[in-house]
Amino acid sequence: MKIHYDPRTVNCRKVLAGMKLMGADFESENIDYFTQGHKAPAFLAINPNGALPALTDGELKLWESNAILQYVADKTGADAAYPGDLAVRADVNRWLLWEASAWFPACYVYLVENVVKPILGAEPDAAVLEAQAPTFQALAEILDARLAGQDWLCGTPGPTIADIAMASPMHLHRHQKLPLAAHANLRAWMDRIEALECWRETDVAPLLGLD
Ligand SMILES: N[C@@H](CCC(=O)N[C@@H](CS)C(=O)NCC(=O)O)C(=O)O
């Protein structure tokens with residue numbers, strides 16, 4: 001398996017941390033996001049969306065970070081990270097879909113306004129952040145309620161790929177200034193994520209010059 005990625009981007013960090021959690025063996029090819037390497041013909045032949053990351057394995061060209069995590073888990077037999085029990089697996093799959101469709105877009109607004117714009121020398125737009133706040137709070141409340149009384153999202157003894165996927169859009173949450181004050185369970189879970197070796201090894205902050 002080969003991952004084509006830029007370790008500085010959120011969905012690439014997700015896949016890298018997930019592969020490390022599962023102890024997967026893989027090769028890698030760096031594609032420079034900031035010089036538009038993901039728009040070059042060689043990468044577009046792998047992912048016509050021109051978005052990172054992608055994974056190749058023989059003839060397989062796979063994109064969508066959560067699909068990559070599912071494939072790697074199945075290929076490596078990572079049952080703890082992606083349990084075979086049907087009900088637990090359905091739960092993991094549900095959160096992977098929710099992350100991509102709801103949670104990621106909500107967190108991304110804070111990433112763009114409070115991290116990306118300052119890096120590029122622009123000011124965050126307070127009106128954009130204010131408009132996003134109710135959506136973010138409603139989704140965070142759902143996650144916070146789910147995490148009450150359990151360490152991991154799907155009630156498993158250890159983290160699954162759903163935990164890694166869900167943590168990724170909030171991976172720079174201090175710099176993103178995510179409004180987490182009302183969500184103690186979510187904050188405690190994020191502390192557990194941040195203590196994982198796979199998470200610490202893939203920290204993006206130093207790569208972006210953040211402290
Ligand atoms: N839903 C996709 C999103 C992929 C995505 O948007 N990746 C970003 C980097 S984190 C990207 O390369 N965007 C392309 C662009 O900005 O043109 C996934 O989960 O893999």
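Ligands are counted one by one from 1 in listed order, and the atoms in each one are counted from 1 as well. If you're wondering where the values come from, they're calculated on a predicted model, not measured in any experiment.
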Item checked: Cation-pi check, R89 onto Y82 ring (under 6.0 Å, within 45° of axis) -> yes
Next item on the list: List, ordered by chain and residue number, the protein residues whose closest non-hydrogen atom lies under 4.0 Å from any atom of ligand 1.
Entry: T9, V10, N11, Y33, H38, K39, G50, A51, L52, P53, E64, S65
Notebook entry, point to check: Is there a donor-acceptor pair closer than 3.5 Å between any side-chain N or O of T160 and the backbone N or O of T156?
Noted result: no
Notebook entry, point to check: How are the rings of W98 and W95 set relative to one another: parallel (under 30°), tilted (30 to 60°) or perpendicular (over 60°)?
Noted result: perpendicular
Check: In terms of side-chain geometry, is the basic nitrogen of D57 or K2 positioned less than 4.0 Å from the acidic oxygen of its partner?
Finding: no
Check: Would you call E99 and R94 a salt bridge, using N to O less than 4.0 angstrom?
Finding: no
Item checked: With F43, the side chain to side chain contact (heavy atoms under 4.5 Å, CB included) member among H4, E29, Q36 -> H4
